[in-house]
Amino acid sequence: MTKKITTDSNIEIAPVYFEGPEMKESPGSFPYTRGVQPDMYRGRLWTMRQYAGFSTAEESNKRYHYLLSQGVSGLSVAFDLPTQIGYDSDHPLSEGEVGKVGVAIDSIDDMETLFHNIKLEEVSTSMTINATGFILLAFYVALAKRQGADLSKITGTIQNDILKEYAARGTYIYPPKPSMRIITDIFEWCSKELPKWNTISISGYHIREAGSTAVQEIAFTLSNGKAYVEAALAKGLDINVFGKRLSFFFNAHNNLFEEVAKFRAARRMWAQIMKGLGATDPKAMMLRFHTQTGGSTLTAQQPFNNVSRVTIQTLAAVLGGTQSLHTNGYDEALSLPTEEAARIALRTQQVVGFESGVADTVDPLAGSFFVENLTAEVEQKALELIAKIDAMGGSVSAIERGFIQDEIARSAYEYQQKIESGEKIIVGVNKYQVTEPSHLAGFKIDDSIRNVQTDKLNALKSSRNHQNAKHCLDEITAAATDGRNLMPLVIEAVENYCTLGEISDALRSVFGEHK
């Protein structure tokens with residue numbers, strides 16, 4: 001009897017494939033299964049990013065200059081937990097977390113230090129921030145204005161995807177409805193004032209990190225994308241304008257062919273979804289995405305094996321047609337990445353880009369009977385899940401009912417059971433173990449960072465115009481109530497030295513907190 005083999009999404013793999021779906025499209029044409037550009041990497045390689053941020057703005061700025069000197073083509077900012085959930089570094093709930101999983105940013109002055117000697121007109125910046133994304137964007141815009149930059153030339157992305165926070169990650173502040181209102185305010189303001197900025201990066205990455213399958217990752221992510229589009233349409237925004245500034249953020253795991261099929265299927269599905277919602281501009285139907293290699297696939301055991309894992313994941317992202325990529329450091333199961341680990345991670349991208357030959361032709365796996373069949377099966381299973389969510393009234397309703405959370409939890413449990421039973425082999429963890437001394441020097445952050453940030457906050461508040469700051473915060477509170485777009489008022493507030501925590505609290509007083 002032939003052994004049954006399945007992907008991690010439980011798609012059965014045939015021993016051999018003799019035919020596949022007929023190839024009817026060219027790269028760069030609807031529905032973009034084969035890529036969003038006709039020439040893909042023959043024209044320009046993907047943007048090579050390295051996600052970085054830790055400690056103070058001063059320390060993170062040093063790492064950014066190092067990465068730029070080593071060949072990164074875009075910066076990607078990690079923020080600490082207090083910044084993500086709207087608390088200044090001196091807040092009691094920030095204790096023990098300041099600067100730990102990212103950089104602490106409390107004010108416009110911190111943002112200026114973070115990008116010291118970096119011209120915002122000349123660099124594309126991705127900021128992984130959600131509940132407070134609008135405040136960090138306001139800091140960035142205010143800094144660009146200080147630098148004398150032309151806002152029409154500023155490029156980058158804020159993640160700004162709050163729905164996946166309720167479903168998978170947990171760094172939310174406000175309830176879903178006011179959170180969705182903030183997101184559509186960003187869409188509206190950026191379409192007029194920051195035309196090249198990607199206003200949202202709809203994230204499957206964290207859904208996958210929480211334990212979803214590849215199929216669930218794209219199904220839940222594209223469902224969330226539909227919810228954002230429908231909210232923007234309800235506000236009267238033009239899908240052919242804001243649709244061009246939507247981007248996505250996916251995970252890359254170790255099952256090479258399933259990951260490639262996932263990326264190809266996601267492009268095809270999104271093009272059809274946007275067309276169905278009324279998009280007519282081709283660029284508004286294109287799924288453009290950033291990829292990060294799978295953090296949850298990294299092992300603390302035999303950590304140098306992670307270099308091989310990240311290489312496979314890099315190939316999956318590139319063969320799948322990603323627009324930008326972050327590669328994880330081999331030591332990230334143990335600590336923040338050291339400078340050496342970050343450099344090796346970047347070199348992995350560069351070796352694939354310049355030495356492997358996979359960038360020489362567009363969609364190199366197209367026409368493979370296996371890949372084409374797998375793409376179709378991933379698409380079909382994902383569409384079935386989306387139909388279930390639609391029947392519940394969409395992503396917001398499905399999240400409120402706990403459906404998406406329960407589906408992710410079930411998949412995570414089943415996957416872990418397979419590891420513990422030995423059905424799923426993780427090299428160095430449940431097979432091929434060795435007794436090894438711990439010789440890696442982890443990268444640790446000192447708790448004294450909170451004192452440094454508190455001193456900065458005290459100095460800022462003592463020197464600012466208190467009346468102007470209070471007026472700005474009062475205006476934000478009023479706009480939250482009367483429905484005015486919040487973005488211009490938040491930008492004015494940060495320019496008058498209001499802090500991230502103060503702006504978050506002004507909105508907490510109106511919107512409340514999600515429990």
Q: Compare all side-chain heavy atoms of I239 with those of F242 and state whether any distance is below 4.5 angstrom.
A: yes

(Q) Tell me the closest heavy-atom pair linking V241 and S191, and the distance in Å. (A) CG1-CB, 3.9 Å

Q: Verify, without hydrogens or angle tests, whether N430 (side chain) and I419 (backbone) share a donor-acceptor contact under 3.5 angstrom.
A: yes

Q | All salt bridge (Lys or Arg N to Asp or Glu O under 4.0 Å) counterparts of R42, not counting sequence neighbours | A | none

Q.
Measuring from atom CG of L298 to atom CD of E332, what distance do you get when rounded to the nearest 0.5 angstrom?
A. 6.5 Å

(Q) Run the salt bridge (Lys or Arg N to Asp or Glu O under 4.0 Å) test against D281 and tell me which residues pass, sequence neighbours left out. (A) K244

Q. Taking atom CG of N251 and atom CZ of R208, what is their separation to the nearest 0.5 Å?
A. 6.0 Å

Q | Any side-chain heavy-atom pair of I154 and L151 under 4.5 Å | A | yes

Q) Looking at residues at least two apart in the chain, or sitting in another chain, which of them share a salt bridge (Lys or Arg N to Asp or Glu O under 4.0 Å) with R34? A) D363

Q) Under the side-chain contact (heavy atoms from CB on, under 4.5 Å) criterion, do R343 and L346 qualify, and how do the steps go? A) CA-CA 5 Å; R343 183 177 66 249; L346 175 60; 5.8 Å; no

(Q) Pair L81, K100 - check side-chain contact (heavy atoms from CB on, under 4.5 Å), show working. (A) CA-CA 8 Å; L81 194 57; K100 290 291 177 70; over 6 Å; no

Q | Nearest heavy atoms of A78 and V101, plus distance in Å | A | CB-O, 4.0 Å

Q) Strictly by modelled atom types, are T299 and Q301 linked by a side-chain donor-acceptor pair under 3.5 Å? A) no

Q: Working to the nearest 0.5 Å, report the span between CE of M286 and NZ of K283.
A: 7.0 Å

**Q.** L287 vs V36 side-chain heavy atoms within contact, under 4.5 Å
**A.** no

Q: Answer yes or no: is there a donor N or O on one side and an acceptor on the other, between the side chain of E259 and the main chain of H253, under 3.5 Å?
A: yes

Q.
Is there a side-chain contact (heavy atoms from CB on, under 4.5 Å) between V215 and E377? Walk through the geometry before answering.
A. CA-CA 9 Å; V215 165; E377 290 202 56; over 6 Å; no

(Q) What I'd like to find out is whether the side chain of Y64 reaches to under 4.5 Å of the side chain of V72, using heavy atoms alone. (A) no

Q: Assess the side chains of D8 and T213: does a donor N or O sit below 3.5 Å from an acceptor N or O?
A: no

Q) Q37 side chain to G43 main-chain N or O, any donor-acceptor pair under 3.5 Å? A) no

(Q) Minimum heavy-atom separation for F79 and T128, please, with both atom names. (A) CD1-O, 3.6 Å

Q) Do K381 and N10 get their side chains close enough for a donor-acceptor pair, meaning under 3.5 Å? A) no

Q. Of all residues at least two apart in sequence or in a different chain, which pass the ring-ring contact (aromatic ring centres under 6.0 Å, His included) check with Y228?
A. none

Q. Taking only residues at least two apart or on different chains, which pairs with a member in residues 357-380 satisfy ring-ring contact (aromatic ring centres under 6.0 Å, His included)?
A. Y17-F370, F257-F370

Q: Would you name the heavy atoms of S411 and S212 that are closest together and state the gap between them?
A: CB-CA, 4.3 Å

Q. Looking only at side chains, do Q349 and R49 share a donor and an acceptor under 3.5 Å apart?
A. no

Q.
Regarding N61 and T113, do their side chains bring together a donor and an acceptor under 3.5 Å, going by distance alone?
A. no

Q: Of all the heavy-atom pairs spanning Q159 and N130, show the shortest one and how long it is.
A: OE1-ND2, 3.1 Å

Q: Quick one: closest heavy-atom pair of S60 and G53, and the distance?
A: OG-CA, 3.5 Å

**Q.** Pairs touching residues 112-126 that satisfy salt bridge (Lys or Arg N to Asp or Glu O under 4.0 Å), sequence neighbours left out
**A.** E112-R146

Q.
Exactly one of W270, F289, F263 should register a ring pair (Phe, Tyr, Trp, His ring centres under 6.0 Å) with F248. Which one does?
A. W270

Q.
Once side-chain hydrogen bond (donor to acceptor under 3.5 Å, both in side chains) is applied, what residue pairs with a partner in residues 73-82 remain, sequence neighbours excluded?
A. D80-T83

(Q) I'd like to check the salt bridge (Lys or Arg N to Asp or Glu O under 4.0 Å) partners of R44; sequence neighbours left out, ordered by chain and number. (A) none

Q) Does a salt bridge link R268 with E25, judged by any charged N lying under 4.0 Å from a carboxylate O? A) no

Q | Minimum side-chain heavy-atom gap T199-L194 below 4.5 Å | A | no

Q. side-chain hydrogen bond (donor to acceptor under 3.5 Å, both in side chains): which pairs involve residues 311-320, sequence neighbours left out?
A. N254-Q313, T297-Q313

Q) Could you state the interatomic distance from CZ (F220) to CD1 (I404), rounded to the nearest 0.5 Å? A) 5.5 Å

Q: Start with the C-alpha gap between E407 and R410, add the side-chain angles, then the distance that decides, and say whether salt bridge (charged side-chain N to carboxylate O under 4.0 Å, His left out) holds.
A: CA-CA 5 Å; E407 287 287 296; R410 178 180 55 77; 2.9 Å; yes

**Q.** Carboxylate-amine/guanidinium contact R264 E372, below 4.0 Å
**A.** yes

(Q) Restricting to ring-ring contact (aromatic ring centres under 6.0 Å, His included), what partner residues turn up for F249, sequence neighbours left out? (A) Y205, H206, H290

Q | Rounded distance (nearest 0.5 Å) linking atom CD of E209 with atom CD of E217 | A | 9.0 Å

Q. Which pairs, with at least one residue in residues 113-138 and sequence neighbours excluded, count as a ring-ring contact (aromatic ring centres under 6.0 Å, His included)?
A. F115-Y140

(Q) Can a side-chain donor-acceptor contact be found between D331 and T338 if the only test is distance below 3.5 angstrom? (A) yes

Q: Give a yes-or-no answer on whether the side chains of R309 and T293 include a donor-acceptor pair shorter than 3.5 Å.
A: no

Q. Once you round to the nearest 0.5 Å, how far does CG of L114 lie from OG1 of T125?
A. 8.5 Å

**Q.** Y51: partners by ring-ring contact (aromatic ring centres under 6.0 Å, His included), with sequence neighbours left out
**A.** H326

Q: Could you verify whether a donor N or O on one side chain and an acceptor N or O on the other, from T327 and Q50, lie under 3.5 Å apart?
A: yes

